[in-house]
Amino acid sequence: MDIKSMKNYLYWLYCQFELITCSYLMEPWEKLLFYTFNIMMLVMVLYTTYIFVPVHISTAFQFFLHLFENQHENAVSVVK
Amino acid sequence: INHIVHNGGLYKRPFNEDFEETPMLVAVLTYVGYGVLTLFGYLRDFMRQWKIEKCQNATEREEQKDFVPLYQDFENFYNRNLYMRIRDSWNRPICSVPGAKVDMMERISHDYNWTFTYTGRVIKDIINMGSYNYLGFAQKAGTCQEAAAKVLSQYGAGVCSTRQEMGNLDKHEELEKLVARFLGVESAMAYGMGFATNSMNIPALVGKGCLILSDELNHASLVLGARLSGATIRIFKHNNMQSLEKLLKDAIVHGQPRTRRPWKKILILVEGIYSMEGSIVRLPEVIALKKKYKSYLYLDEAHSIGALGPTGRGVVEYFGLSPEDVDVMMGTFTKSFGAAGGYIGGKKELIDYLRTYSHSAVYATSLSPPVVEQIITSMKCIMGEDGTTVGKARVQQLAENTRYFRRRLKEMGFIIYGNEDSPVVPLMLYMPAKIGAFGREMLKRNIGVVVVGFPATPIIESRARFCLSAAHTKEMLDTALKEISEVGDLLQLKYSRHRLVPLLDRPFDETTYEETED
């Protein structure tokens, strides 16, 4: 029962997507073209995220760590 | 937003008009939808030009390809690529009298709405929420039909002449006296076509050297009549009295554009009920302005005659004003009287002038006798002169239906435009795919609605327009409301952010003082 209502909800969400992007009005080959384009863009964005985001985050983390270390060293030397 | 306008006590009753703003997300998504459709439109046009796809719309002939292009403007682009996709919601053939319920012929299309074929099946008893049948006089049985049938057997159907030649029947004279009595004016004249009444009579009333101040959302017939007359036209914002007063002041102070002479005549063109917005004109203020600046008023009561006012005499009676204040009262018989044609009422000198100088009187065939009899019988019914209270009951039923229907739709959370008392109810749809989806889903549930899109409304404000009728019973309205709510949930149309607390039938107590919660 839960699976069925989940499936109905997902189908309703798909209908809303169709209505908002007007793919409800398109002929089947136009729909195919539109969905292919959209899915390709989505896959490319996800792939780019997968490759670049961990490297960027770890670089940024190291930069901030270096900054705090320097600050801490400076503060420690003043106190001394 | 409910408010009572205090303008020196001009209004004797609250004037509740509401045009809720488009939610920002909905506007953005609507533009996204139109953007996608435009891109696909360009793709299809490209394919049609390079012969990859068969071209089924009108194009120029081969020999004319080097001439000025005919079909390249936005309207034709819209027609080919957007209108064609949802075309099955319009021009639906009906095959019975358009009363509260109507029969429709079923049609399907195998090539995406370029051509239609009839399956042969007739869909019966569709609840009709689209016909302008305000008082329910579109009937095939009853006193009006019997009287019209009798006159048909007496006079025949054709008149075969214009009013000025041999087409002036005694029925026409009787009708005009009745119309003048109904409106409370000195004299009236009836024409064969409502659109032609406006477009052919405004040129007879104003000419070059006159000024026409016309509302932003006036009907095409008024716009055409104004343009044909050759007068200068200035537009004021819809129902906005400050805009109108500014234009009037400028006109009186500066006069005609180059010569600075005073204008020969200033004519204000307004409508009683605007059919696309459902709003009612602010007549007390317009009349106060007209008297202050000494101009003339032309009131087009096409939708409001018979539908407003305690005895159905129109928007003048609704506000409790005198019909002598309006210089030219125009209306049509198409909507509340179930017939065809239009009329103009006013002072005797004005109507006598129009009888001689109007294009419609000189060149157009006069009204057909059975139609005239339908108008006479229905008008007498509304006035109560046929001895029954049927007319009064119908007017009251329409007012009740209007209030009930509007309140229920607002409670459900739809965005409804217009005045609370107008029987025209526009429900906002906004997105182009929802226009087609709404029409089709409602037809599947056996309810016929009219959906309106771009050229008639601004491009993002597409709507479904319900026209209530005195012939709708409460059960029919409840069924319709249930289906509208279902389709609203299916298509996510309940955009309104002002939730009205449902009116409970309980006496007023200290804990309930706000009706609207945001």
Side-chain angles (χ1 to χ4, degrees), chain A residues 1-68 70-71, chain B residues 23 25-47 52-54 56 78 81-89 109-114 429-441 453 460 462 486-495:
Chain A
M1 205 52 227
D2 215 22
I3 303 287
K4 193 169 188 324
S5 67
M6 192 64 177
K7 272 206 295 198
N8 278 344
Y9 180 65
L10 284 176
Y11 181 67
W12 180 81
L13 269 186
Y14 169 67
C15 282
Q16 295 311 304
F17 171 78
E18 262 200 337
L19 282 173
I20 291 177
T21 55
C22 300
S23 44
Y24 173 83
L25 302 175
M26 294 182 197
E27 299 172 26
W29 63 269
E30 285 175 333
K31 262 195 215 180
L32 189 69
L33 205 65
F34 185 62
Y35 289 160
T36 316
F37 177 75
N38 274 2
I39 293 178
M40 237 170 47
M41 295 305 291
L42 195 68
V43 162
M44 282 202 286
V45 164
L46 286 175
Y47 182 65
T48 316
T49 316
Y50 170 70
I51 292 190
F52 284 106
V53 167
V55 176
H56 276 157
I57 288 188
S58 76
T59 319
F61 181 65
Q62 276 181 3
F63 172 74
F64 280 118
L65 205 64
H66 198 61
L67 196 67
F68 278 133
N70 265 358
Q71 220 180 53
Chain B
L25 181 64
V26 173
V28 168
L29 291 177
T30 312
Y31 281 123
V32 162
Y34 273 113
V36 169
L37 280 178
T38 315
L39 285 173
F40 274 96
Y42 282 134
L43 175 69
R44 297 293 290 273
D45 274 350
F46 174 78
M47 286 169 59
I52 306 175
E53 185 192 357
K54 187 170 86 135
Q56 284 161 315
Y78 179 87
N81 297 311
L82 278 80
Y83 176 70
M84 279 298 167
R85 294 180 193 264
I86 45 179
R87 198 162 79 119
D88 56 314
S89 298
S109 172
H110 296 288
D111 53 356
Y112 301 101
N113 292 347
W114 287 97
L429 298 172
Y430 298 114
M431 299 180 198
K434 294 191 185 179
I435 308 174
F438 192 79
R440 288 176 203 159
E441 292 293 321
I460 53 167
S462 54
E486 213 180 286
V487 174
D489 282 327
L490 182 67
L491 301 179
Q492 269 253 314
L493 291 173
K494 299 189 178 176
Y495 301 121

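As a basis for the values below, the full set of heavy atoms in this structure was taken, side chains included, without hydrogen atoms, waters or symmetry mates. Here the structure is a predicted model, which means the values were calculated and not measured.
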Review point. Taking all atoms of both residues into account, what is the closest heavy-atom pair of Ala437(B) and Leu19(A), and its distance?
Key: CB-CD2, 3.8 Å

Point to revise | Atom pair CD/CG of Gln492(B) and Leu13(A) - distance to nearest 0.5 Å | key: 9.0 Å

**Study point:** Distance-minimising heavy-atom pair for Pro432(B) and Cys22(A)
**Key:** CG-SG, 3.5 Å

Exercise for review: Determine the minimum heavy-atom distance between Trp12(A) and Leu490(B), stating which atoms define it.
Suggested key: NE1-O, 3.3 Å

Review point. So what's closer than 4.5 Å to chain A heavy atoms on Leu43(B): side chain, backbone, both or neither?
Key: side chain

Check your understanding: Is chain A contacted by the side chain of Met47(B), its backbone, both, or neither, given a heavy-atom distance below 4.5 Å?
Key -> side chain

Check your understanding: Are Met431(B) and Tyr24(A) side-chain neighbours, meaning at least one heavy-atom pair lies under 4.5 Å?
Key -> no

Revision key, fill the gap. Looking only at heavy atoms, the pair that brings Arg85(B) and Met26(A) closest together is NH1-CA, 3.6 Å

Exercise for review: Give, as side chain, backbone, both or neither, the part of Glu30(A) having an atom under 4.5 angstrom from any heavy atom of chain B.
Suggested key: both

Study note, to complete from the structure: Shortest non-hydrogen pair, Thr21(A) vs Val36(B), comes out as O-CG1, 3.5 Å

Review point. Which value, rounded to the nearest 0.5 Å, describes the distance between Glu27(A) atom CD and Glu53(B) atom CD?
Key: 6.5 Å

Check your understanding: Should we count CG of Leu65(A) as having more than 12 external heavy atoms under 6.0 Å?
Key -> yes

Point to revise | Contacting region of Asp111(B) [heavy-atom separation from chain A under 4.5 Å] | key: neither

Exercise for review: Inspect the surroundings of OH in Tyr35(A) and state if more than 12 heavy atoms from other residues, nucleotides or ligands are less than 6.0 Å away.
Suggested key: yes

Point to revise | Structural part of Leu29(B) lying under 4.5 Å from a heavy atom of chain A | key: both

